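Report on the following structure.
Because the structure is a prediction, the values reported are computed rather than measured. All residue numbers in this chain count up from 1 along the given sequence.
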Amino acid sequence: MLASAAEDSLRQRLSDSLRIHSEAAAEVPEAATQSRRDRREQARAAREQARRRAAFEALPQEQLDSLITQKGDSLEGRGADTIARDTVKEKKPQKPGAFLDDPISGKNKDSLVYDVRNKMVYIYNEGDITYQNSNLKADYMQINMDNKMVYAYGKPDSLEGKPIVTKPEFSEGDASYTMDTITYNLTSKKAKIKGVATQQGDGWLVGGSVKKMPDNTVNIENGKYTTCDETDHPHFYLAMTKAKVIPGKKVVTGPAYLVMEDVPIYFLGIPEGFFPINMGPKSGLLMPTYGEEYTKGFFLRDMGYYFTLGDYADLAVRGGFYTLGSWEASAASRYIKRYKYSGSFNMQYSNIKTGEKGEPDYIKQSNFRIQWTHSQDPKANPGSTFSASVNFATSGYSKYSATNLNDILSTQTNSSIAYSKNWAGTPFSLSANMSISQNSQNKSLSVTLPTVVFNVSRFYPFKRKERMGKERWYEKISMQYTGKMTNSVTTTEDKIFSKETFDNMKNGIEHNIPVSASFNLFNYINISPSATYNEKWYFKKVEFDWNPVTNKVDTLPTQYGFYRLYNYNFNVSASTTVYGMYDFTKKRKDRKIQAIRHTLTPSIGFSYTPDFGDPKYGYYQTRQTDSTGRFTTYSPYSVNAYGVPSSGRSMSMNFSLSQNLEMKVLSKRDTSGVKKIKLIDELRISGSYNFLADSMRLSTIPISFRTTLFQNFGINLSMTLDPYRLTPDGKRYNKLFFPGRIVSTGWSFGYTFKSRDDRSQSAINDITSIPPEYMNPYYDPYGNMDPVLRRQYMSQMYYDFSLPWNFGFNYAINYNISTGNYPPKGYKKNVTQTVSFNGSLTITPKTGITFQGGYDIKANKLTTSSISISRDLHCWQMSFSWIPFGFHRSWSFNIGVKAASLSDLKYDKSQSMYDNMY
């Protein structure tokens with residue numbers, strides 16, 4: 001009786017310490033459905049289980065008592081099955097005679113063997129055990145209950161006929177390891193591992209002999225660090241004689257060298273070092289790039305330091321110098337706060353020095369560029385928005401300091417800062433905008449500081465609050481109000497802050513009040529009468545006077561004050577829509593073409609404007625222009641922002657006719673069985689006729705045509721007809737002729753062809769698209785190029801080899817006539833034709849080509865074009881970019897590691913486009 005009680009006690013304590021479920025014993029199929037072989041296997045497993053149970057129960061009482069009374073080690077932590085039970089972090093009292101502080105829980109698929117005599121536990125086939133915060137998975141495990149040691153290794157297996165070896169997987173907290181063998185102490189939490197592979201950051205640490213310490217630091221002997229995911233045989237790695245790994249932070253190495261394709265490169269070694277393996281931005285040095293430019297000499301640039309400014313911003317400061325005297329500096333910052341705002345700021349300054357002083361090619365100048373983007377989340381402040389897009393640079397920057405093709409070719413830049421506010425529940429809204437437009441060719445600047453617009457949306461002043469019966473005609477009258485204030489000037493870079501610039505600023509305030517209504521006549525014609533009142537407030541005027549002494553027109557001093565100018569006009573318009581359709585199904589229901597519908601939208605309008613050039617208004621004056629006594633009319637208020645009301649009465653009629661053509665055809669692809677096709681999206685003709693003009697009352701006739709016959713293929717055609725003839729010296733005179741003379745025309749179309757298998761996908765290799773990695777504001781934010789330009793200039797770095805090929809082109813032709821003294825017809829024709837193209841081609845599964853360019857048909861030459869070749873080397877990337885001809889011809893070659901942590905492990909070679917300048 002006593003022996004039986006001791007055995008029961010031992011079994012209970014083993015059960016408390018080891019809660020491992022063997023699926024082999026649990027998953028026994030019914031005998032009736034098994035084959036003879038399956039029944040024999042089941043019987044063998046039952047006999048083996050009975051043998052193990054009998055061996056355990058046959059142990060002498062002395063061994064059972066000794067095993068029961070042995071002391072268990074104390075370990076802190078919780079098992080996966082007991083976390084929910086223990087809500088207090090204090091150490092639980094240990095049960096008398098327990099082997100461990102917490103039970104080991106898990107499962108396996110084959111068998112679980114208790115060798116109580118030798119104090120061992122064996123686990124076979126897909127064992128998965130958890131102790132506190134540690135987990136171990138292996139095909140073979142043995143647990144020594146005496147010294148609390150766990151030993152595990154994998155076993156050979158087969159997959160599709162290929163032998164493989166399953167490896168144990170061990171995890172503790174956030175650290176995880178894959179290894180050949182592991183010996184782990186449950187008490188000290190130390191481990192000795194052979195053939196370990198663990199991922200740290202975007203790289204892998206592979207060690208031959210590894211010791212894991214209780215604080216999860218790892219000491220490695222004869223280890224490897226690589227970003228190649230082929231950990232068994234990486235294409236390259238940094239061979240480390242010894243290293244210490246602090247998970248999530250850094251790796252500190254002793255002597256190390258580079259190995260590529262099993263070839264050691266000892267001269268690319270380091271005596272000691274460390275590199276971070278943590279994710280996210282951290283402060284640190286920015287490695288420079290080096291090279292040579294013919295005009296500036298050897299260079300070392302982009303050297304600097306990266307700062308993390310809290311959780312929402314960062315800053316990178318860079319600098320560089322050239323051996324012939326040039327230098328540059330830059331500061332770039334990005335900031336983001338979720339649900340609030342995001343933006344970036346980039347400032348670049350360069351001091352350029354080329355050539356020898358006193359020589360014709362000597363250049364010494366300073367250039368700078370400021371870029372700022374800011375966007376506000378709509379949810380941050382409902383009802384108001386603020387945004388900024390600033391790109392301002394000196395004119396010499398694009399020519400002497402830019403580092404990519406697009407910046408060099410860009411001659412026009414625009415900057416704007418905008419704010420808007422609307423008041424919910426009211427018709428009021430306010431917007432303000434500041435903008436700068438810059439032309440680097442002539443150094444001109446167009447500055448608007450600022451433009452403010454206050455708007456009252458449409459309202460109906462006579463509409464009843466509670467309507468009874470039909471709507472009355474005066475309830476359809478609506479009003480609006482728009483008030484604008486602006487201040488603008490056009491100047492050059494060297495005069496931007498001069499007194500002349502401030503004197504030439506054009507400013508003013510304009511009020512605009514349109515009143516309109518809409519009525520329906522005969523249920524088909526829409527009649528819309530309207531009247532508009534406009535008033536301008538100016539604060540200066542400039543008058544001119546003839547000087548008989550100098551025989552020149554003198555500009556009198558600017559007169560400042562308050563000047564009010566107003567004007568008004570009246571309009572009425574009528575429009576309707578006419579449909580015509582021919583049904584082909586009247587005779588046969590199975591006709592391919594079911595119907596054709598033609599839609600016409602004619603409109604006609606009349607407008608009247610009084611003569612505000614009448615002297616009673618005082619808007620215009622006369623002045624003598626030469627010594628012959630010739631006089632001309634001018635307005636002293638034309639120096640202001642919104643101009644002057646037009647002189648002369650005007651009563652005109654305007655007309656337009658718009659039409660489209662649609663066809664309905666049978667289609668098996670459409671669920672309805674019928675598909676609509678637009679043959680003509682729009683064909684439009686318009687013009688006007690001035691009844692009060694002295695001559696040539698009919699205006700020019702613009703005509704436009706637009707159609708989309710196929711998906712992604714459209715045709716646009718526009719032209720302007722002049723109904724009056726020309727004299728031999730190129731002057732129009734009052735003689736109509738039909739159909740008129742083509743003054744200008746333009747035609748363009750484009751299409752993108754791509755692989756049939758990828759027809760449903762977008763053009764992934766489109767050089768104007770933004771790579772998805774740039775959606776992360778902290779991803780590589782301080783390259784020399786912004787995301788779109790970098791994609792275009794170095795598109796091979798982001799090549800998607802899943803798209804076999806695509807090709808897109810656009811053709812444009814423009815024709816216009818210059819009138820003047822061009823015998824014998826009095827005009828000259830000008831025709832320009834251009835073709836632009838871009839595309840990509842995957843010539844092998846890992847090699848792709850992208851290209852872009854154009855052709856000027858009139859000049860009979862190619863425009864600036866580029867071609868890029870990319871080769872995917874698994875964990876490396878190789879690329880070559882080439883601009884083969886033109887002023888900006890250049891090339892660049894790059895081979896480097898893909899992973900960001902080893903981005904400085906690369907080789908660059910290039911010929912700068914600046915070498916072609918001299």
Side-chain angles (χ1 to χ4, degrees), residues 276 280-291 293 296 299-322 325-337 340-353 364-376 386-404 406-408 410 413-417 434 436 438 440 493 496-497 773-790 793-794 900 903-904 908 912 914:
K282 295 294 180 182
S283 299
L285 292 173
L286 297 172
M287 299 300 292
T289 59
Y290 62 90
E293 290 185 8
K296 300 177 184 178
F299 64 79
L300 186 68
R301 62 190 183 198
D302 296 332
M303 176 176 56
Y305 198 84
Y306 175 77
F307 302 89
T308 55
L309 307 178
D311 296 331
Y312 306 111
D314 55 7
L315 172 67
V317 180
R318 296 179 184 264
F321 62 89
Y322 300 78
S326 301
W327 60 274
E328 60 190 22
S330 66
S333 177
R334 288 200 173 190
Y335 55 90
I336 182 172
K337 190 169 184 179
K340 293 292 185 180
Y341 51 79
S342 64
S344 64
F345 180 82
N346 187 10
M347 182 175 65
Q348 297 170 315
Y349 179 86
S350 61
N351 188 284
I352 305 299
K353 181 181 178 182
K364 184 178 181 181
Q365 62 175 237
S366 298
N367 297 307
F368 71 90
R369 179 169 74 167
I370 296 176
Q371 294 175 299
W372 178 38
T373 61
H374 179 90
S375 60
Q376 177 181 298
F386 177 78
S387 63
S389 177
V390 176
N391 184 11
F392 182 82
T394 56
S395 58
Y397 178 86
S398 62
K399 187 174 183 181
Y400 299 107
S401 302
T403 56
N404 65 79
N406 288 78
D407 281 348
I408 290 178
S410 177
T413 59
N414 299 284
S415 304
S416 65
I417 300 175
M434 295 184 292
I436 299 177
Q438 182 183 10
S440 60
E493 290 182 13
I496 183 65
F497 296 112
E773 55 266 29
Y774 280 107
M775 302 308 291
N776 180 356
Y778 288 111
Y779 181 88
D780 191 17
Y782 302 109
N784 290 329
M785 309 176 190
D786 67 21
V788 176
L789 297 181
R790 182 172 183 173
Y793 189 59
M794 295 291 288
S903 59
D904 294 316
D908 291 312
S912 172
Y914 292 109

Checklist entry - With ring centroids as reference points, do Phe299 and Trp327 lie under 6.0 angstrom apart? => result no

Next on the checklist: Check for me whether the distance between the ring centres of Phe345 and His374 falls short of 6.0 Å.
Outcome noted: no

Between the side chains of [X] and [Y], does any donor sit under 3.5 Å from an acceptor?
X      : Y      : value
Ser415 : Asn391 : no
Ser375 : Ser387 : no
Thr373 : Ser344 : yes

Is the shortest heavy-atom distance from the side chain of [X] to the side chain of [Y] under 4.5 Å?
X      : Y      : result
Phe368 : Phe392 : yes
Gln348 : Glu328 : no
Phe386 : Tyr341 : no
Met303 : Leu286 : no
Tyr305 : Leu285 : yes
Ile417 : Val390 : yes

Item to check | Over all atoms of both residues, closest heavy-atom pair of Arg318 and Asp302 | outcome: NH1-O, 3.0 Å

Next on the checklist: To check you understand the geometry: which heavy-atom pair defines the closest contact between Lys296 and Tyr322, and what is its length?
Outcome noted: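 Minimum heavy-atom contact is O-CB, 3.2 Å.
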
Next on the checklist: Before you tell me yes or no, could you show the steps for Ser366 and Tyr349 under side chain to side chain contact (heavy atoms under 4.5 Å, CB included), namely the whole-Å CA-CA distance, both residues' side-chain angles and the distance that decides it to 0.1 Å?
Outcome noted: CA-CA 7 Å; Ser366 298; Tyr349 179 86; 3.0 Å; yes

Next on the checklist: Closer than 3.5 angstrom, by distance alone: can the side chain of Ser333 be matched with the main-chain N or O of Asp314 as a donor-acceptor pair?
Outcome noted: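 Judged by distance alone, yes, a pair lies under 3.5 Å.
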
Checklist entry - How long is the span from the CD1 atom in Ile352 to the OG atom in Ser326, to the nearest 0.5 Å? => result 4.5 Å

